[in-house]
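Lettering follows sequence order; numbering is per chain, from 1.
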Number of protein chains: 2
Amino acid sequence: MSAPALTKNQALVFDVLEKADGPLSAYTILDKLRDHGFRAPLQVYRALEKLLEYGVVHRLESINSFVACAHPGENCHSHGIVAFAICESCGQVMEFHDHEVDHRLMDWTKSKKFKAEKTTIEIRGLCEACAA
Amino acid sequence: MSAPALTKNQALVFDVLEKADGPLSAYTILDKLRDHGFRAPLQVYRALEKLLEYGVVHRLESINSFVACAHPGENCHSHGIVAFAICESCGQVMEFHDHEVDHRLMDWTKSKKFKAEKTTIEIRGLCEACAA
DNA sequence: ATCGCACACGTTATAGCATAACGCAATTGA
DNA sequence: TCAATTGCGTTATGCTATAACGTGTGCGAT
């Protein structure tokens with residue numbers, strides 16, 4: 001599931017996300033791309049759908065926003081579960097992975113015979129700078 | 001932060017959630033309470049806000065829904081991080097806690113001096129019955 | 001070649017989720 | 001009694017996401 005060449009719209013959306021210094025909502029992305037001909041939400045959502053599939057963009061469920069993967073070039077899907085720490089003050093997002101956490105969650109799902117498809121881990125709070 | 005006596009609206013909303021066999025959206029709750037005089041979303045959201053605060057209801061971020069806490073009577077806030085496994089087929093939700101996971105996440109936040117306020121862990125997939 | 005298929009795209013409309021802002025009533029405590 | 005707090009009801013609005021339709025393009029199979 002490596003990323004094929006991006007289409008024009010996908011590239012535009014990805015570019016906006018990569019240049020942003022924090023997560024963006026679909027509608028914020030739309031606004032930033034109006035000059036490039038974007039007019040409707042679906043143009044953004046369709047691009048995001050693919051970018052998520054390719055693993056180059058993550059969706060932050062708890063804030064309905066999207067962020068470029070912190071591992072440019074790599075396929076993030078291979079890192080196990082992705083976790084995020086989201087600062088409620090400055091909006092900065094830190095992405096990390098913890099195999100022990102993955103392990104524990106996998107143990108649980110195995111014990112319950114639950115077939116995990118997608119796991120969300122999001123920590124909301126204040127980053128070091130904002131907590132001061 | 002134990003739960004004080006619930007107001008009428010809070011009790012109605014909580015009752016609907018407890019009797020449901022899965023998570024409900026705010027608007028679904030609203031529909032179920034129209035016979036009891038509910039007419040606007042805010043009546044539901046305001047009740048939910050308090051119920052979340054009291055720890056007797058959880059919000060499932062990844063599906064914009066709400067579910068009664070699986071530990072009736074207890075204060076769920078004292079169990080550490082709450083995790084959920086959500087079946088995408090039948091909608092059933094399993095709530096669980098894993099102190100080792102909590103520990104690992106706390107270690108990470110400590111190391112980054114990130115002040116965690118609220119942590120979301122949601123596993124989406126298929127439950128044993130539906131995966132068959 | 002041309003047919004059929006898959007896929008990206010554009011547009012309009014609509015569905016679904018959540019909160020702002022106003023005002024009223026009841027409670028409580030100084 | 002007065003002020004502060006809390007819950008409540010209503011209207012309006014904003015934000016998030018998808019349905020349904022049609023167009024165009026590339027590409028492999030016949």
Side-chain angles (χ1 to χ4, degrees), chain A residues 1-17 20 22-54 56-67 86 88 91 118 120 122 124, chain B residues 1-17 20 22-54 56-67 86 88 91 118 120 122 124:
Chain A
M1 176 75 66
S2 186
L6 299 183
T7 66
K8 187 178 172 228
N9 283 6
Q10 288 160 18
L12 285 167
V13 169
F14 183 64
D15 203 52
V16 165
L17 281 174
L24 301 177
S25 76
Y27 279 73
T28 303
I29 296 171
L30 174 58
D31 286 338
K32 286 180 183 293
L33 288 176
R34 290 205 188 272
D35 293 345
H36 290 81
F38 274 47
R39 325 203 60 193
L42 259 191
Q43 295 174 280
V44 176
Y45 281 108
R46 288 206 271 233
L48 286 172
E49 185 180 10
K50 289 299 179 183
L51 296 170
L52 290 167
E53 190 181 316
Y54 302 154
V56 297
V57 161
H58 300 295
R59 177 193 177 95
L60 301 176
E61 306 280 3
S62 66
I63 56 173
N64 297 316
S65 294
F66 304 85
V67 68
I86 306 165
E88 314 226 58
K118 167 95 167 58
T120 298
E122 295 177 19
R124 296 215 267 159
Chain B
M1 175 73 69
S2 186
L6 299 182
T7 67
K8 188 179 172 224
N9 283 5
Q10 287 161 18
L12 285 167
V13 169
F14 181 64
D15 203 51
V16 165
L17 280 175
L24 300 177
S25 76
Y27 278 72
T28 302
I29 296 170
L30 174 58
D31 286 338
K32 287 180 183 292
L33 288 176
R34 290 206 189 272
D35 293 344
H36 294 267
F38 274 49
R39 326 204 58 196
L42 258 191
Q43 294 174 279
V44 176
Y45 281 109
R46 287 204 272 232
L48 285 172
E49 186 179 12
K50 289 299 179 184
L51 295 171
L52 290 168
E53 188 181 317
Y54 303 153
V56 297
V57 161
H58 300 294
R59 177 192 176 95
L60 301 177
E61 305 280 3
S62 66
I63 55 173
N64 297 316
S65 294
F66 303 85
V67 69
I86 306 165
E88 315 227 56
K118 167 94 168 60
T120 297
E122 297 177 18
R124 295 217 267 159

Which heavy atom of His36(A) sits nearest a heavy atom of Leu12(A), and at what distance?
CD2-CD2, 3.7 Å
With side-chain contact (heavy atoms from CB on, under 4.5 Å) as the test, would you mind laying out the steps for Arg59(B) and Leu52(B) before giving the verdict?
CA-CA 7 Å; Arg59(B) 177 192 176 95; Leu52(B) 290 168; 4.0 Å; yes
Bend angle of the helix from dA1(C)-dT30(D) to dA30(C)-dT1(D) from five-pair axes at both ends, rounded to 10°?
20°
Nearest heavy-atom contact between Leu33(A) and Val13(A) is CD1-CG2, 3.8 Å
Contact summary for Pro41(A) and Leu30(A), nearest pair of heavy atoms
N-CD2, 3.9 Å
In terms of heavy-atom contacts, Gln10(B) and Leu51(B) come closest through O-CD1, 3.7 Å
Quick one: is Thr7(A) getting a side-chain N or O under 4.0 Å of the dC9(C) phosphate, OP1 or OP2?
yes
Give me the first and last nucleotide of DNA chain D, going 5' to 3', that has any atom under 4.0 Å from a heavy atom of chain A.
dT16(D) to dA20(D)
Starting at the 5' end of nucleotides 11-20 of chain C, put B wherever the base has a protein heavy atom under 4.0 Å, S where only the sugar-phosphate does, and a dash everywhere else.
BB----BBBB
Specify the closest pair of heavy atoms between Arg124(A) and Ile63(A), including all atoms of both residues, with the distance to one decimal.
NH1-CG2, 3.8 Å
Kindly determine whether Glu49(A) and Arg46(A) satisfy salt bridge (Lys or Arg N to Asp or Glu O under 4.0 Å), including the steps that lead there.
CA-CA 5 Å; Glu49(A) 185 180 10; Arg46(A) 288 206 271 233; over 6 Å; no
Glu122(B) versus Ile86(B), closest heavy-atom pair with distance:
OE1-CD1, 3.9 Å
What verdict does the side-chain contact (heavy atoms from CB on, under 4.5 Å) test give for Thr28(B) and Val16(B), after you've listed the backbone C-alpha separation in whole Å, the side-chain angles of each residue and the deciding distance to 0.1 Å?
CA-CA 10 Å; Thr28(B) 302; Val16(B) 165; over 6 Å; no
Within less than 4.0 Å of OP1 or OP2 of dA8(C), is there a side-chain N or O belonging to Lys50(A)?
yes
Between Leu48(B) and Leu17(B), is a side-chain contact (heavy atoms from CB on, under 4.5 Å) present by the stated rule, with each step listed?
CA-CA 10 Å; Leu48(B) 285 172; Leu17(B) 280 175; 4.0 Å; yes
